[in-house]
Amino acid sequence: MSDQLQYDATVIGGGLAGLSLSIQLANKGYAVALFEKEQYPFHKVCGEYISLESWGFIEGLGLPLSKMDLPIIKKLIVTSPNGNEFLHNLPLGGFGISRYLIDNELKKLAASIGVAIYENCKVEDVIYAANEFKLHTPKGDFTSKVCAGSFGKRSNLDIKWKRNFLGNRYNKLNNYVGVKYHIKANFADDTIALHNFSNGYCGISKIENNTYCLCYLTTAANLKKNNNSIAEMEKNILFKNKFLKNIFETSTMLFKAPVTISQISFTEKTQVQNHVLLCGDAAGMITPLCGNGMSIALHSSKLAAMTINDFLQNKITREGMEARYTTDWKLVFEKRLRAGRIMQRLFGRIWVTNIFISIMKKLPFFATPIIKQTYGQPF
Ligand SMILES: Cc1cc2nc3c(=O)[nH]c(=O)nc-3n(C[C@H](O)[C@H](O)[C@H](O)COP(=O)(O)OP(=O)(O)OC[C@H]3O[C@@H](n4cnc5c(N)ncnc54)[C@H](O)[C@@H]3O)c2cc1C
């Protein structure tokens with residue numbers, strides 16, 4: 001094996017978790033390789049609303065968000081299938097940016113500080129032996145002292161490793177489908193809307209270039225009931241919410257076809273598997289209803305970078321690194337993910353959503369503490 005294929009750290013998956021982890025480790029002087037199965041820039045199913053808790057961290061990585069003319073979002077509208085509407089100021093708020101743009105900007109930043117980026121390169125297997133990792137990829141084999149898995153919601157490696165969350169039978173926390181469009185729409189710049197429908201919800205908020213992201217999550221069963229046709233499902237189910245019908249009928253769709261993803265699961269996951277430290281959705285996924293999966297991905301990369309640094313500096317053992325990362329992760333995120341699972345179980349049933357929105361309208365002071373459950377503090 002040639003020298004250039006040996007690294008201090010290898011990172012599998014170049015979404016927000018993997019890119020930000022690579023940048024932090026490269027900034028500490030380590031030799032880092034990042035593997036991404038797609039080629040940048042590319043679209044991804046995501047609501048593209050990032051909680052402001054991440055703003056300072058992203059700027060600290062070297063991406064000047066304040067110079068990018070991005071929409072700042074401060075208000076929330078929630079609608080119920082029966083046409084009821086609830087408006088509220090967001091306690092912290094967020095900003096809008098497409099994954100097409102932010103992932104690509106971070107990738108360029110990572111490359112500029114020396115991260116070796118292998119695109120179109122799906123990691124097929126990871127073997128840990130004799131205190132090092134060997135990664136098998138179509139571009140050859142690579143070795144490293146540390147390996148991080150930031151491969152998202154569900155990957156070939158989850159299946160290869162037979163991770164526990166795959167074994168769960170269908171329930172209220174798994175087998176979801178995500179659908180995303182970019183649209184030109186007549187909608188407020190500073191507001192995120194969450195429109196509910198039977199067994200799902202759809203978010204709309206502004207991103208860069210005067211464009212909006214329209215993204216929804218629903219059950220695979222909803223799609224199946226509609227002959228696996230997205231258009232049919234939208235017409236028969238989503239359009240029963242009059243706000244959604246209006247958005248779909250009056251907006252200009254910018255993609256020929258929506259970006260989609262299936263088999264999404266919100267069940268619990270492990271944070272370390274086969275000695276690989278897992279970050280972002282690979283370690284646990286919050287329901288989009290509670291937003292902020294991107295902030296969790298970014299924050300988890302910070303926890304991983306600190307622990308990996310201590311290991312590479314010989315301050316802690318591998319065992320110590322794995323234990324500390326798991327403890328830190330649980331301390332920071334476990335409560336938030338649990339709140340997300342509870343809310344996910346409640347939403348979807350039409351009558352529950354209708355009642356919930358009616359109560360919130362009458363008792364709006366309850367909304368702020370509920371929203372606060374869904375985001376963290378700047379890190
Ligand atoms: C419908 C929906 C709406 C959402 N809306 C929001 C929102 O508005 N705000 C928010 O904060 N969060 C939202 N989220 C959650 C958010 O998208 C995720 O939490 C976030 O993308 C996690 O980032 P990540 O880096 O862990 O994973 P990802 O961004 O998914 O990145 C994983 C990467 O790994 C690559 N990969 C996978 N396997 C391999 C392999 N074997 N080898 C190489 N590469 C591999 C993939 O191609 C991918 O690029 C939403 C999620 C869904 C489903």
Side-chain angles (χ1 to χ4, degrees), residues 45-53 71-96 172 176 178-181 183 185-207 212-219 222 234 237-251 266 286-295 336-337 339-375:
V45 174
C46 183
E48 304 184 327
Y49 162 91
I50 308 189
S51 150
L52 279 174
E53 72 194 78
I72 301 295
I73 296 160
K74 295 182 183 145
K75 293 181 191 154
L76 168 74
I77 296 180
V78 188
T79 74
S80 54
N82 66 359
N84 218 344
E85 187 180 9
F86 168 70
L87 274 90
H88 199 75
N89 285 331
L90 287 165
L92 181 64
F95 63 101
K172 280 288 269 181
Y176 284 89
V179 179
K180 181 179 94 171
Y181 300 88
I183 62 173
N186 187 10
F187 186 66
D189 289 3
D190 63 348
T191 302
I192 180 166
L194 192 65
H195 299 293
N196 290 279
F197 56 91
S198 173
N199 290 318
Y201 40 83
C202 178
I204 172 171
S205 53
K206 197 170 185 187
I207 50 170
Y212 289 79
C213 175
L214 179 76
C215 182
Y216 63 85
L217 184 90
T218 189
T219 55
N222 250 359
E234 287 168 353
I237 297 181
L238 278 73
F239 289 12
K240 287 197 173 134
N241 180 323
K242 67 176 183 187
F243 298 97
L244 275 177
K245 184 168 191 283
N246 183 261
I247 292 169
F248 273 86
E249 288 180 350
T250 59
S251 305
F266 303 108
I286 192 159
T287 65
L289 179 64
C290 299
N292 302 341
M294 287 190 278
S295 288
R336 236 203 284 187
L337 264 64
R341 282 188 212 109
I342 293 168
M343 290 196 209
Q344 182 71 25
R345 281 198 178 94
L346 289 177
F347 268 71
R349 278 172 257 168
I350 294 181
W351 66 271
V352 178
T353 316
N354 288 342
I355 291 173
F356 181 79
I357 308 283
S358 308
I359 295 173
M360 283 301 122
K361 278 186 90 160
K362 288 193 185 107
L363 305 167
F365 43 86
F366 277 133
T368 303
I370 293 176
I371 296 168
K372 278 188 175 167
Q373 293 293 317
T374 66
Y375 65 83

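We count residues from 1, following the sequence as given. Values in this document were obtained by computation on a predicted structure and should not be read as measured data.
- The distance from atom CG of Asn82 to atom CD1 of Ile355, rounded to the nearest 0.5 Å, is 10.0 Å.
- Of all non-hydrogen atoms in Asn292 and Ser51, the two that sit nearest each other are OD1-CB, 3.0 Å.
- In this structure, Leu52 and Leu90 have side chains that are not in contact, with every pair of non-hydrogen atoms separated by 4.5 Å or more.
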Verdict with reasoning, Tyr201 to Val78, per side chain to side chain contact (heavy atoms under 4.5 Å, CB included): CA-CA 10 Å; Tyr201 40 83; Val78 188; over 6 Å; no

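- Residues Ile77 and Phe86 have side chains not in contact (no heavy-atom distance under 4.5 Å, counting atoms from C-beta outward).
- Here CG of Asn199 is found 10.5 Å from CG of Leu217. Values are rounded to the nearest 0.5 Å.
- Note: Phe243 and Phe187 fail the aromatic proximity criterion, with ring centroids not under 6.0 Å apart.
- The two atoms that bring Ser251 and Ala185 nearest to each other are OG-CB, 3.7 Å, heavy atoms only.
- The existence of a salt bridge linking Lys74 and Asp190 is excluded, since no basic side-chain nitrogen approaches an acidic carboxylate oxygen closer than 4.0 Å.
- Shown here for Ile192 and Ile73, the closest heavy-atom pair between the two residues is N-CG2, 3.5 Å.
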Step-by-step side chain to side chain contact (heavy atoms under 4.5 Å, CB included) determination, Ile204 to Ile183: CA-CA 9 Å; Ile204 172 171; Ile183 62 173; 3.9 Å; yes

Side chain to side chain contact (heavy atoms under 4.5 Å, CB included) assessment of Tyr181 paired with Ile247: CA-CA 12 Å; Tyr181 300 88; Ile247 292 169; over 6 Å; no

Tyr212/Ile207 under side chain to side chain contact (heavy atoms under 4.5 Å, CB included): CA gap, chis, key distance, verdict: CA-CA 5 Å; Tyr212 289 79; Ile207 50 170; 5.8 Å; no

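- No option in Lys180, His195, Glu234 other than Glu234 meets the side-chain hydrogen bond (donor to acceptor under 3.5 Å, both in side chains) test with Tyr216.
- Remark: the Thr79 side chain and the Asn241 side chain contain an N/O donor-acceptor pair separated by less than 3.5 Å.
- Side-chain contact check for Asn222 versus Phe197: some heavy-atom pair is nearer than 4.5 Å.
- Between Tyr49 and Gly94 the shortest heavy-atom distance is OH-N, 3.2 Å.
- You'll find the side chain of Leu87 stays beyond 4.5 Å of the side chain of Lys75, heavy atoms only.
- Between Lys240 and Ser198, the closest side-chain pair of non-hydrogen atoms is not below 4.5 Å.
- When all heavy atoms of Ile50 and Met294 are compared, the closest pair comes out as CG1-CE, 3.3 Å.
- Between Phe248 and Phe239, the ring-plane angle classifies as tilted under the 30° and 60° cut-offs.
- In terms of heavy atoms, Pro71 sits closest to Asp189 at CB-O, 4.0 Å.
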